[in-house]
Colleague: 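Structure below; questions to follow.
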Amino acid sequence: MTSPESTLPSPSPCPPPPSSLPSSPTPSSPTPSSSLPPPPSLPPTGEVMVLALGRKKQRMLICLSILPNLFLAFLLSSDALLTFTSPHHCRLPGPLPAPQILNASLPWEKGDRVGDSGGLSQCKQFINGTQSGVENCEAGWNYNVTEGLRINVVTEWDLVCGQYWLVPVEEVSFILGVLTGCLGLGFAADRLGRLKTLLISLTLSVVFGVLVCVSTSPPFFIVMRFCLAAASAGVYLTLYITRLELCDPSLRLLVTMVAGLTTVAGELLLLGVALGCQSWRGLLGTGAAPLSLFLTYGIPGVFPESPRWLLLSERSADLNSFSERRHRERDEESFTELDSELSPSTRPHLSFPELVHSRNIWKNICVLGFTS
């Protein structure tokens with residue numbers, strides 16, 4: 001006998017969860033980014049200058065930033081003429097000796113290179129005109145100047161033979177001066193402003209240019225050349241940065257090429273002045289004296305501070321100098337961008353280690369180093 005099959009009731013399906021369950025209120029901390037307004041974007045570099053100064057004023061300032069390159073070439077490109085070593089030999093008594101007397105008074109030295117037969121010694125002479133022995137030049141040297149300056153630092157102070165080591169020291173100090181000026185005055189251009197750094201560099205260039213021209217000894221000349229190179233590099237770098245901030249990105253290449261051609265024109269003018277004055281003091285004085293004229297850039301209204309730098313350095317008080325133009329053309333909507341500034345809390349503050357680890361900076365250094 002079989003018991004009837006007992007059917008178990010199937011479980012009823014669970015009811016769907018409510019669409020919204022009340023939850024206990026939990027304190028939520030607001031994110032700092034949600035309470036801060038998005039930072040306003042600055043207009044392009046060239047547009048800042050156009051908005052603050054006007055197109056005509058912008059073009060005039062670009063020309064004023066290019067003009068000093070014509071005379072900076074005298075200070076930055078004259079080192080080859082100042083330290084050029086002409087063929088020389090020991091100074092012999094009497095007037096300029098004939099070739100027969102030179103052959104009898106100067107020993108013959110073999111050439112250092114293969115195939116070089118050598119020539120008369122430039123640092124030795126026979127003792128008392130006899131070939132019994134040789135000695136160093138006692139009465140100085142005579143120079144056969146056929147090119148370059150007739151009087152440069154080598155011929156004036158006899159920087160040959162035992163004193164020749166001062167020539168590479170001067171060249172190295174000049175290069176180190178340019179490097180020091182780019183680093184020191186370039187940093188000052190970001191901290192103090194473009195205009196202040198430009199005026200300081202111009203003043204130092206004029207002062208050290210005069211001190212170089214009145215140098216009375218090689219050590220003093222080397223020190224002053226170092227300082228002059230640093231100041232001249234500061235002028236060149238500050239003007240370079242100012243030009244980039246003055247013009248639109250599409251015109252930067254053209255403006256940079258014009259500035260480079262102006263420097264080349266200054267180098268060609270340097271050669272013409274060298275042929276005319278024939279003295280290293282007059283050559284450097286010709287380059288340093290005109291730089292004093294550019295100190296007039298410090299007159300208010302002639303060469304104003306870069307509005308781009310004022311915006312990025314939070315100098316809102318100095319931006320009031322451009323208020324007249326902004327109020328006169330207030331109907332333009334683009335002028336409102338000059339009034340928008342980043343608050344100090346939202347503006348990023350970068351440190352030097354963070355800049356070193358930036359990939360774009362290293363890329364720009366490689367590009368500029370290759371093109372230089």
Side-chain angles (χ1 to χ4, degrees), residues 72-92 102 106-107 109-113 116 118-125 134-182 204-205 207-233 236 263 266-267 270-288 372:
L72 286 176
F74 282 71
L75 304 179
L76 295 175
S77 303
S78 59
D79 201 57
L81 295 173
L82 299 180
T83 60
F84 180 76
T85 304
S86 302
H88 53 278
H89 58 79
C90 295
R91 182 178 296 139
L92 301 177
L102 291 178
L106 303 177
E109 291 183 351
K110 297 182 179 180
D112 298 332
R113 300 178 181 178
D116 187 3
L120 296 176
S121 176
Q122 295 183 339
C123 302
K124 302 288 184 179
Q125 65 181 3
V134 295
E135 62 179 356
N136 295 327
C137 299
E138 298 294 339
W141 287 263
N142 287 330
Y143 297 90
N144 183 20
V145 180
T146 57
E147 54 185 348
L149 296 172
R150 184 171 299 276
I151 302 175
N152 60 9
V153 296
V154 175
T155 59
E156 180 172 340
W157 292 317
D158 290 334
L159 302 183
V160 293
C161 299
Q163 297 293 321
Y164 180 75
W165 63 273
L166 290 172
V167 174
V169 169
E170 190 276 334
E171 295 173 348
V172 171
S173 66
F174 180 80
I175 297 175
L176 292 178
V178 173
L179 179 61
T180 303
C182 290
L204 294 178
S205 298
V207 172
F208 290 124
V210 174
L211 292 178
V212 167
C213 294
V214 299
S215 299
T216 57
S217 63
F220 185 78
F221 172 79
I222 292 174
V223 174
M224 291 300 102
R225 278 288 285 176
F226 173 87
C227 299
L228 178 61
S232 303
Y236 189 89
T263 304
E267 293 175 352
L270 168 68
L271 298 178
V273 174
L275 292 176
C277 66
Q278 290 295 317
S279 172
W280 67 271
R281 299 180 189 272
L283 183 65
L284 291 180
T286 305
S372 299

Colleague: Can you confirm whether more than 12 heavy atoms, excluding those of F220, are under 6.0 Å from its CZ atom?
Modeller: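 Result for CZ/F220: enclosed.
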Colleague: Atom CG in L283, atom CG in L275: separation rounded to 0.5 Å?
Modeller: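 Between L283 CG and L275 CG, I get 10.5 Å after rounding to 0.5 Å.
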Colleague: Considering all heavy atoms of both residues, which atom of I222 and which atom of S173 are nearest to each other, and what is their separation?
Modeller: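 Minimum heavy-atom contact is CG2-OG, 3.5 Å.
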Colleague: Locate the shortest heavy-atom distance separating L82 from L149; write the atom from each residue and the value.
Modeller: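 Looking at all heavy atoms of both residues, the closest pair is CD2-CD1, 4.3 Å.
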Colleague: Would you name the heavy atoms of S205 and S232 that are closest together and state the gap between them?
Modeller: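 Answer, listing the atom of S205 first, then S232: OG-N, 3.5 Å.
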Colleague: Evaluate Y143 against N152 for side-chain hydrogen bond (donor to acceptor under 3.5 Å, both in side chains), listing each step before the verdict.
Modeller: CA-CA 11 Å; Y143 297 90; N152 60 9; over 6 Å; no
Colleague: Who pairs with S215 by side chain to side chain donor-acceptor pair (under 3.5 Å), at least two apart in sequence or on another chain?
Modeller: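 Result, side chain to side chain donor-acceptor pair (under 3.5 Å) vs S215: none returned.
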Colleague: Is there a side chain to side chain contact (heavy atoms under 4.5 Å, CB included) between L270 and S78? Walk through the geometry before answering.
Modeller: CA-CA 8 Å; L270 168 68; S78 59; 4.3 Å; yes
Colleague: How many angstroms lie between atom CG of L228 and atom CZ of F221, to the nearest 0.5 angstrom?
Modeller: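 With rounding to 0.5 Å, CG (L228) is 9.0 Å from CZ (F221).
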Colleague: Distance from T155 atom OG1 to W280 atom CH2, nearest 0.5 Å?
Modeller: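 Those atoms lie 10.0 Å apart.
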Colleague: Would a distance-only check, ignoring hydrogens and angles, find a side-chain to backbone donor-acceptor pair under 3.5 Å from R281 to C213?
Modeller: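 Present.
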Colleague: Starting at CH2 of W157, measure out to CG of L166 and round the result to the nearest 0.5 Å.
Modeller: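 Here the rounded value is 10.0 Å.
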Colleague: Check whether any side-chain heavy atom of R225 lies under 4.5 Å from a side-chain heavy atom of V212, and answer yes or no.
Modeller: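 Contact flag for R225/V212 side chains = yes.
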Colleague: Is there a side-chain contact between I151 and Q278 in this structure, where contact means two heavy atoms from C-beta onward sitting under 4.5 Å apart?
Modeller: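 No; the side chains remain at least 4.5 Å from each other.
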Colleague: Do C227 and L204 touch side chain to side chain, with heavy atoms closer than 4.5 Å?
Modeller: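 Heavy-atom side-chain distance check fails, nothing below 4.5 Å.
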Colleague: Atom OH of Y236 and atom CG of L75: how far apart are they, to the nearest 0.5 Å?
Modeller: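 The OH atom of Y236 sits 13.0 Å away from the CG atom of L75.
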Colleague: How far apart are the C-alpha atoms of E171 and D79, what are their side-chain angles, what is the distance that settles it, and do they pass the side chain to side chain contact (heavy atoms under 4.5 Å, CB included) test?
Modeller: CA-CA 7 Å; E171 295 173 348; D79 201 57; 3.5 Å; yes
Colleague: Checking side chain to side chain contact (heavy atoms under 4.5 Å, CB included) against P218, which of V167, V223, V169, L159 comes through?
Modeller: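 Filter result, single survivor: L159.
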Colleague: Of all the heavy-atom pairs spanning A73 and G266, show the shortest one and how long it is.
Modeller: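 So the two residues come closest at CB-C, 3.7 Å.
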Colleague: For the atom pair OG1 (T83) and CZ (F174), what is the distance rounded to the nearest 0.5 Å?
Modeller: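 So the gap between those two atoms works out to 10.0 Å.
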Colleague: Considering only heavy atoms from C-beta outward, does the side chain of F74 approach that of L284 to under 4.5 Å?
Modeller: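 No, too far: nothing below the 4.5 Å cut-off.
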Colleague: Determine whether E147 and F84 make a side-chain contact, defined as any pair of heavy atoms from C-beta on separated by less than 4.5 Å.
Modeller: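 Touching, per the 4.5 Å side-chain cut-off.
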